[in-house]
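Below: the structure, in structure tokens.
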Amino acid sequence: MTILGIETSCDETALALIETRGQFSLGNNHALDEKNNFECRVIDSLVHSQAELHSAYGGVYPSLAKREHGKNLIPLLAKILDGFDTREEISEDEFARKMSELQKEISLTNPDLEQSIAHADLLKKIPKIDAIAVTEGPGLEPTLWVGINFARILGTLWNVPVIPINHMEGHIVGSLLESDIARGNWQELKKIKFPALALLISGGHTELVKIDGIGRYKILGQTKDDAVGEAFDKVARILGLPYPGGPHVSELAQKAEEEGIIPEIKLPRPMLRSNNYDFSFSGLKTAVLYATQKAQKEEKFTESYKKGIALEFERAVVEVLESKTGSAIEEISAQSLIVGGGVSANLAIRNHLGKLADRFRIPLFLPSRHISGDNALMIALVGALHGISAEQRPMRAQGTKRL
Ligand code: KG4
Ligand code: ZN
């Protein structure tokens, strides 16, 4: 099966083409074990990040993101389909008829997408794909709609089914791809034992999820306010660093460690001792804000201060994540630990969770760092695992879609 993945849930416009073979049976205990012979091959995966554009606003500006997705999708599609086999060509008449039907059906409210589609001759060539997988949520609704409408247009023009995908399931499954397999080569997914525990940490989410099989998820706890990535981004802003701030804060923390800087301030470890799996990072960010305002007043807002507070902030985050994850592993007797989402690129978090998994003698599955951020490869892969359902259901953007 060949699948085109589409991802527009936030500020990355992403497309991917993958091919799969073999069996993955959801009936087989939903397991990814030795019994399945599922394999996949990445034909191509393209991510167009808009981070630089949003940087000026200190965060993602939804209407700008929506416009950019509308502009980016057709050029990315042209790039990914360049040299890819065509099944057949749509006649001018059929193309015109389907386009006018689509225009009636889909209110694009996106002049950029509408304009680029109207003039895209490449849409007349039907590529040899079997399905399209598109992120339906969670994410920013205006940007999700761009991907969904684009998928519907392609699906209708090319007569292929569209599979709606949960972005967070993408982050889970993305961790099961082997990292060092070159494009075009076949690979099995990593074998994983259930129940597994997933810690999903991104710009919009912080969740601990019990996994009993692919497609069988239960959220054990989540953030009550800011997501971890959001807290990193806000702290970056307080310290005058560009968006997205996670990598910059983490870099400062690393420098502090290398230079032996000891943080002068002790920050809170929010909800560390709460008897549940929920998180809260908004108070931690506010504590950084107050400490920084004080440092500025006292003229102590130096490079050394920034490094120290970045390190203390990162330590507080790591401690809370590690402690809650450890308790959840114990409670559900997890056989594997999966960490996914953009923040999983953080080296301190990777190290500490690695040690935690070792302590419980369970394997840790992390996405390779180049696919820890948002991408369409993970979306296409979830599509392949779920397969094409007989009935096509109407899709709608679901900003707060749950696993
Ligand atoms: O999963 P993702 O790409 O997008 C969402 O679905 O939100 O995650 C993006 C988030 C941003 O908040 C970014 O600052 C954070 O991941 N991030 C990091 C690091 N790299 C990315 N946070 C901490 N340390 C990093 N190295
Ligand atoms: Zn994400």
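No hydrogens, no waters, no symmetry mates; every other heavy atom, side chains included, goes into these values. On a predicted model such as this, the values are computed, not experimentally measured, just so you know. Just follow the structure's listing: the first ligand is 1, and inside any ligand the first atom is 1.
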For residues 287-299, which side-chain N or O atoms pair as donor and acceptor with protein atoms under 3.5 Å away, sequence neighbours left out?
{"unit_1": "Thr292", "atom_1": "OG1", "unit_2": "Val288", "atom_2": "O", "d": "2.7"}
{"unit_1": "Thr292", "atom_1": "OG1", "unit_2": "Tyr305", "atom_2": "OH", "d": "2.8"}
{"unit_1": "Glu298", "atom_1": "OE1", "unit_2": "Lys300", "atom_2": "NZ", "d": "3.3"}

Cut-off 3.5 Å, no hydrogens considered: what does the side-chain donor-acceptor table look like for residues 334-343, sequence neighbours left out?
{"unit_1": "Gln335", "atom_1": "NE2", "unit_2": "Ser333", "atom_2": "O", "d": "2.9"}
{"unit_1": "Ser336", "atom_1": "OG", "unit_2": "Lys193", "atom_2": "N", "d": "3.2"}
{"unit_1": "Ser336", "atom_1": "OG", "unit_2": "Lys193", "atom_2": "O", "d": "2.5"}

Could you give the side-chain donor-acceptor pairs of residues 252-260 under 3.5 Å, partners two or more places apart or in another chain?
{"unit_1": "Glu257", "atom_1": "OE2", "unit_2": "Arg315", "atom_2": "NH2", "d": "3.3"}
{"unit_1": "Glu259", "atom_1": "OE1", "unit_2": "Lys307", "atom_2": "NZ", "d": "3.1"}
{"unit_1": "Glu259", "atom_1": "OE2", "unit_2": "Lys307", "atom_2": "NZ", "d": "3.2"}

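Inspection of the environment of the Zn ion (ligand 2) yields the following protein N, O or S atoms under 2.8 Å: His167 NE2, His171 NE2, Asp374 OD1.
Those atoms of ligand 1 that come under 4.0 Å of a heavy atom in Gly373, given as number and element, are 3 (O). Counting the atoms of ligand 1 from 1 in the order shown, those under 4.0 Å from a heavy atom of Gly229 are 12 (O). Ligand 1 places these atoms under 4.0 Å from at least one heavy atom of Gly204: 7 (O). Remark: ligand 1 atoms within the under-4.0 Å shell around heavy atoms of Ser202 are 1 (O), 5 (C), 6 (O), 7 (O), 8 (O).
The distance criterion of under 3.5 Å between nitrogen or oxygen atoms is met by Asp374 with respect to ligand 1. When only interatomic distances are considered, the shortest N/O to N/O separation between Ser372 and ligand 1 does not fall below 3.5 Å.
Remark: the Thr13 side chain and the Asn72 side chain contain an N/O donor-acceptor pair separated by less than 3.5 Å.
For atom 21 (C) of ligand 1, the nearest non-hydrogen atom from the set Gly342, Gly246, Ala345 comes from Gly342.
Atoms CG and OG, from Asn375 and Ser45 in turn, are 5.5 Å apart once rounded to the nearest 0.5 Å. Interatomic distance, CG of Leu4 versus CD1 of Ile379, reported as 12.0 Å (0.5 Å rounding).
Phe281 and Phe232 have their aromatic ring centers separated by at least 6.0 angstrom.
The single protein non-hydrogen atom nearest to atom 15 (C) of ligand 1 is Val343 CG2, 3.8 Å, given as residue, atom name and distance. Shortest contact from atom 24 (N) of ligand 1 to any protein heavy atom: Asn346 ND2, 3.1 Å. In terms of protein heavy atoms, atom 9 (C) of ligand 1 is closest to Gly203 N, 3.8 Å.
Heavy atoms of His167 approach ligand 1 to within less than 4.0 angstrom. Not close to ligand 1: Cys10, with no non-hydrogen atom less than 4.0 angstrom away. Using a 4.0 Å cutoff on heavy atoms, His171 counts as a contact of ligand 1.
For Asp233, every heavy-atom contact with ligand 1 shorter than 4.0 Å involves the side chain, none the backbone.
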Test log, rule salt bridge (charged side-chain N to carboxylate O under 4.0 Å, His left out), inputs Glu312 and Arg269: CA-CA 10 Å; Glu312 172 62 6; Arg269 269 60 177 158; 2.7 Å; yes
Working for salt bridge (charged side-chain N to carboxylate O under 4.0 Å, His left out), residues Arg87 and Asp85: CA-CA 7 Å; Arg87 192 191 303 283; Asp85 289 346; over 6 Å; no
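Taking 4.0 Å as the cut-off between side-chain N and carboxylate O, Lys124 and Glu89 do not count as a salt-bridged pair.
Residue Tyr217 is tested with Lys210, Glu169, Glu207, Arg402 for a side chain to side chain contact (heavy atoms under 4.5 Å, CB included); the sole match is Glu169.
More than 12 heavy atoms of other shown residues, nucleotides or ligands fall within 6.0 angstrom of atom NZ in Lys98.
Leu239 is listed as a side-chain neighbour of Ile309, based on a closest heavy-atom distance under 4.5 Å.
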